[in-house]
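The block underneath contains the structure these notes are about, expressed in C-alpha cells.
We count ligands from 1, going down the list as the structure has it; atoms in each ligand are counted the same way. Model, not experiment: these values are computed from the prediction.
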Amino acid sequence: MLPDDMSDILISSDEIQARIAELGAQISADYSGQDLLLIAVLKGAVLFLTDLMRSITIPHSIDFMAISSYGDSTKTTGVVRILKDLDDPIDGRGVLVVEDIVDSGRTMDYLLRLLRVRNPTNLQVCTLLNKPSRREVQVPLDYVGFDIPNKFVYGYGLDLFEIHRNLPFIAAVKPEYIGLPPDEEQGSE
Ligand code: IMP
Ligand code: MG
C-alpha cells in the first residue's frame with residue numbers, strides 16, 4: 001500500500017541497490033591499501049550507510065554525527081548545531097562523509113569546514129542523492145548515487161515530517177502535501 005502523499009517512485013529499490021554495488025566497488029578500489037573511515041550523518045544516511053558498507057570489500061570503520069539545521073523547515077541556512085559528535089578524533093584518518101542528499105549544499109559545506117579543521121589526511125564526500133539545480137554553495141562531491149530533479153523526495157532513509165524513512169525506494173511527494181501548489185517543484189530540509 002503506497003502512501004497517499006506519494007506522487008511517484010523516482011528510484012526503485014533495485015536501482016538503488018545496483019548503484020550502491022557500483023559505488024562500493026569504486027570506493028573499495030580507490031581506497032585499496034588506505035585508511036577508510038565512513039562518517040554517516042544521522043538520521044537520513046543510515047540506510048545508505050548500512051548497504052554501502054556491505055558492498056565495500058576493504059577494511060574500514062564507521063562513525064556517526066547528528067546535526068540539526070537552524071532556520072525554518074523549508075530553507076536550510078547551513079548553520080548546523082552538533083547534536084551528536086563523532087566518537088573519535090579524525091586527525092590522520094581517511095574520511096569519507098556519507099550523506100543522503102545534497103540540496104543547497106549549505107549543510108555539507110558547513111560539515112566539511114567543521115571536519116577539515118580536525119586535520120584528516122583525506123576528506124571526501126559520498127552522497128546517495130544530488131539536486132544540482134538547487135545548489136547555492138559549491139561543494140566537492142566525490143561519489144554521487146543519483147542526480148535527481150528539483151522535487152521533494154522521501155524513502156530509503158529520507159523523511160517527510162519524520163516518517164517514510166523505511167520505504168525501500170525513493171519517491172517524490174505530491175507538492176500539495178508540503179504546502180506547494182500542484183506542479184511547483186521544491187526541495188526543502
Ligand atoms: P542542504 O543544506 O540544502 O544541502 O540540505 C541538506 C539537507 O536537507 C539534507 O541532509 C536533508 O536532511 C534535507 N533535504 C533536502 N532535500 C530533501 C528532500 O528532497 N527530502 C528530504 N530531505 C531533504
Ligand atoms: Mg540529512
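Counting atoms of ligand 1 from 1 in the listed order, those under 4.0 Å from a heavy atom of S104 are 1 (P), 2 (O), 3 (O), 4 (O). Within ligand 1, the atoms closer than 4.0 Å to a non-hydrogen atom of D159 are 21 (C), numbered from 1 in the order shown. Under a 4.0 Å criterion applied to the non-hydrogen atoms of K151, ligand 1 contributes the atoms 19 (O). Close contacts between ligand 1 and T107 involve ligand atoms 1 (P), 2 (O), 5 (O), 6 (C) [criterion: under 4.0 Å to a heavy atom].
Under 4.0 Å from ligand 1, the heavy atoms of K131 that appear belong solely to its side chain. Under 4.0 angstrom from ligand 1, the non-hydrogen atoms of D100 all belong to its side chain.
Between I101 and V153 the shortest side-chain heavy-atom distance falls below 4.5 Å.
Residue Y154 places no heavy atom under 4.0 Å from ligand 1. The shortest separation from a heavy atom of G105 to ligand 1 is under 4.0 Å, placing the residue in contact.
At least one N/O-N/O distance between E99 and ligand 1 falls below 3.5 Å. Ligand 1 has no nitrogen or oxygen under 3.5 angstrom from a nitrogen or oxygen of L158.
R135 places a side-chain N or O within donor-acceptor distance of the main-chain N or O of V102, the cut-off being under 3.5 Å. Under a 3.5 Å cut-off, the side chain of S32 and the backbone N or O of A29 do not form any donor-acceptor pair. Looking at R93, its side chain never comes within 3.5 Å of a backbone N or O of T121 through a donor-acceptor pair.
Partners of K84 according to the side chain to side chain contact (heavy atoms under 4.5 Å, CB included) rule, which considers only residues two or more places apart in sequence or in another chain, are L42, D63, F64, A66, D87. R116 pairs by the salt bridge (charged side-chain N to carboxylate O under 4.0 Å, His left out) definition with nothing, not counting sequence neighbours.
Note on R106 versus D109: no salt bridge recorded, every NZ/NE/NH1/NH2 to OD/OE distance being 4.0 Å or above.
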